[in-house]
Amino acid sequence: MVSKVTICLALAAPAWADPVRVAALGDSLTQGFGLPRSDGFVPQLQAWLDAQGEDVAILNAGVSGDTTAGGLSRVDWTLTPEIDAMIVALGGNDLLRGIDPEVSRANLDGILSKAAEADVPVLLVGIDAPGNYGPDYKADFDAIYTDLSAKYDTLLAPDFLSALSSVEDRQAAMAQYMQPDGIHPNANGVELIVQDLGPKVQALIDRVE
């Protein structure tokens with residue numbers, strides 16, 4: 001026979017909460033191009049967060065070669081009802097193609113607008129524009145992320161590759177942390193990136209109600 005005390009304890013026990021589900025919407029940097037699956041950004045980020053004791057599931061919504069336009073075209077089916085928060089890390093392929101910064105801005109604005117409508121908090125991760133398109137292009141492109149982060153009250157990481165670009169010895173950084181293509185980080189590079197971005201993802205998790 002079940003006692004009244006047992007029943008009361010069962011009723012008082014908290015239900016097991018589901019993990020916070022975070023979609024990482026991005027391009028090849030998010031998808032893990034050129035790396036074994038376990039060495040990519042999302043698996044390494046998941047492992048880092050697990051080690052910090054976070055109850056979170058990071059979902060890989062990275063598509064190699066995707067531009068901001070591609071991200072906008074699939075944000076609706078990325079933002080399923082199960083998604084609690086989103087990392088948006090797009091823009092690198094826009095830079096490679098020399099796309100007008102105003103076009104990239106409009107696409108990212110559309111993505112963040114969709115997230116706001118869904119009441120999903122966002123960590124916006126930028127990419128530092130090179131100087132080869134001229135100073136005006138660089139200034140216009142770099143401003144996209146700070147401006148939109150302020151507009152939509154997102155968390156912001158200005159440059160996905162900041163942990164690597166901050167290494168003083170550029171040649172050593174390329175040799176130790178980048179794949180031979182000079183564009184994508186290797187597993188060691190991803191590890192540094194995750195250590196840099198991990199605390200910002202923790203702050204994103206804290207925004208989930």
Side-chain angles (χ1 to χ4, degrees), residues 24-34 41 61-76 78 86-117 120-186 189-190 192-194 196-197 199-201 203-204:
L25 182 69
D27 50 33
S28 56
L29 295 175
T30 301
Q31 182 264 335
F33 176 86
F41 173 71
V63 173
S64 186
D66 226 359
T67 61
T68 55
L72 179 59
S73 72
R74 59 192 177 88
V75 68
D76 282 328
T78 300
M86 186 164 65
I87 300 166
V88 176
L90 289 161
N93 288 305
D94 295 52
L95 287 174
L96 290 175
R97 300 180 187 188
I99 291 173
D100 186 337
E102 289 307 308
V103 173
S104 303
R105 178 187 289 268
N107 292 331
L108 287 169
D109 190 289
I111 291 170
L112 297 180
S113 176
K114 295 284 188 179
E117 289 174 12
V120 169
V122 170
L123 168 61
L124 180 60
V125 183
I127 192 79
D128 191 38
N132 54 305
Y133 295 123
D136 291 341
Y137 184 100
K138 177 175 174 55
D140 289 346
F141 193 92
D142 289 345
I144 293 171
Y145 298 96
T146 52
D147 291 350
L148 292 181
S149 178
K151 178 178 178 179
Y152 288 99
D153 189 29
T154 75
L155 294 166
L156 175 66
D159 181 15
F160 190 99
L161 299 173
S162 176
L164 307 186
S165 59
S166 62
V167 176
E168 291 186 7
D169 189 335
R170 179 68 175 170
Q171 287 188 335
M174 292 295 289
Q176 295 176 28
Y177 302 121
M178 298 296 287
Q179 296 182 43
D181 64 8
I183 297 174
H184 299 94
N186 61 24
V190 172
L192 287 187
I193 291 167
V194 165
D196 179 48
L197 294 180
K200 296 179 176 64
V201 179
L204 176 65

Specify the closest pair of heavy atoms between [X] and [Y], including all atoms of both residues, with the distance to one decimal.
| X | Y | result |
| --- | --- | --- |
| Asp159 | Ser165 | OD2-OG, 3.7 Å |
| Met86 | Ala115 | CE-CB, 3.9 Å |
| Ala61 | Thr78 | CB-CG2, 4.1 Å |
| Ser104 | Ile144 | CB-CD1, 4.0 Å |
| Pro185 | Leu164 | CB-CD1, 4.0 Å |
| Gly91 | Phe141 | O-CZ, 3.6 Å |

Verify, without hydrogens or angle tests, whether Ser73 (side chain) and Gly70 (backbone) share a donor-acceptor contact under 3.5 angstrom. yes
So, Asp27 side chain and Thr67 main chain: donor-acceptor pair closer than 3.5 Å or not? no
If you count every heavy atom of other residues, nucleotides or ligands that lies below 6.0 Å from Glu117 atom CD, does the total exceed 12? yes
Separation between [atom1] of [X] and [atom2] of [Y], rounded to the nearest 0.5 Å:
| X | Y | atom1 | atom2 | result |
| --- | --- | --- | --- | --- |
| Asn93 | Ser64 | CG | OG | 7.0 Å |
| Ile111 | Leu90 | CD1 | CG | 5.0 Å |
| Gln179 | Met174 | CD | CE | 11.0 Å |

Qualifying residue for side chain to side chain contact (heavy atoms under 4.5 Å, CB included) with Leu108, from Val103, Leu72, Leu148, Asp94: Leu148
Below 3.5 Å, can you tabulate the donor-acceptor pairs from side chains in residues 126-136 to any protein atom, sequence neighbours excluded?
{"from": "Asp128", "atom 1": "OD1", "to": "Lys138", "atom 2": "NZ", "distance (Å)": "2.9"}
{"from": "Tyr133", "atom 1": "OH", "to": "Leu95", "atom 2": "O", "distance (Å)": "2.7"}
{"from": "Tyr133", "atom 1": "OH", "to": "Gly98", "atom 2": "N", "distance (Å)": "3.4"}

Set of ring pair (Phe, Tyr, Trp, His ring centres under 6.0 Å) partners for Tyr177, sequence neighbours left out: none
Decide yes or no for [X] and [Y]: does some side-chain heavy atom of the first lie under 4.5 Å from some side-chain heavy atom of the second?
| X | Y | answer |
| --- | --- | --- |
| Ile193 | Phe160 | yes |
| Arg74 | Asp66 | yes |
| Phe33 | Ile183 | no |

The test is side chain to side chain contact (heavy atoms under 4.5 Å, CB included); show your working for Lys200 and Leu155 and say whether it passes. CA-CA 8 Å; Lys200 296 179 176 64; Leu155 294 166; 5.9 Å; no
Given side chain to side chain contact (heavy atoms under 4.5 Å, CB included), test Leu25 with Thr30 step by step and report yes or no. CA-CA 7 Å; Leu25 182 69; Thr30 301; over 6 Å; no
Begin from the C-alpha positions of Val63 and Gln31 and carry the test side chain to side chain contact (heavy atoms under 4.5 Å, CB included) through to its verdict. CA-CA 6 Å; Val63 173; Gln31 182 264 335; over 6 Å; no
Tell me which pairs pass salt bridge (charged side-chain N to carboxylate O under 4.0 Å, His left out) where either residue lies in residues 99-114, with sequence neighbours left out. Asp76-Lys114, Glu102-Arg105, Arg105-Asp147, Asp109-Lys151
Show your working on side chain to side chain contact (heavy atoms under 4.5 Å, CB included) between Leu197 and Leu123 and close with a plain yes or no. CA-CA 10 Å; Leu197 294 180; Leu123 168 61; 5.5 Å; no
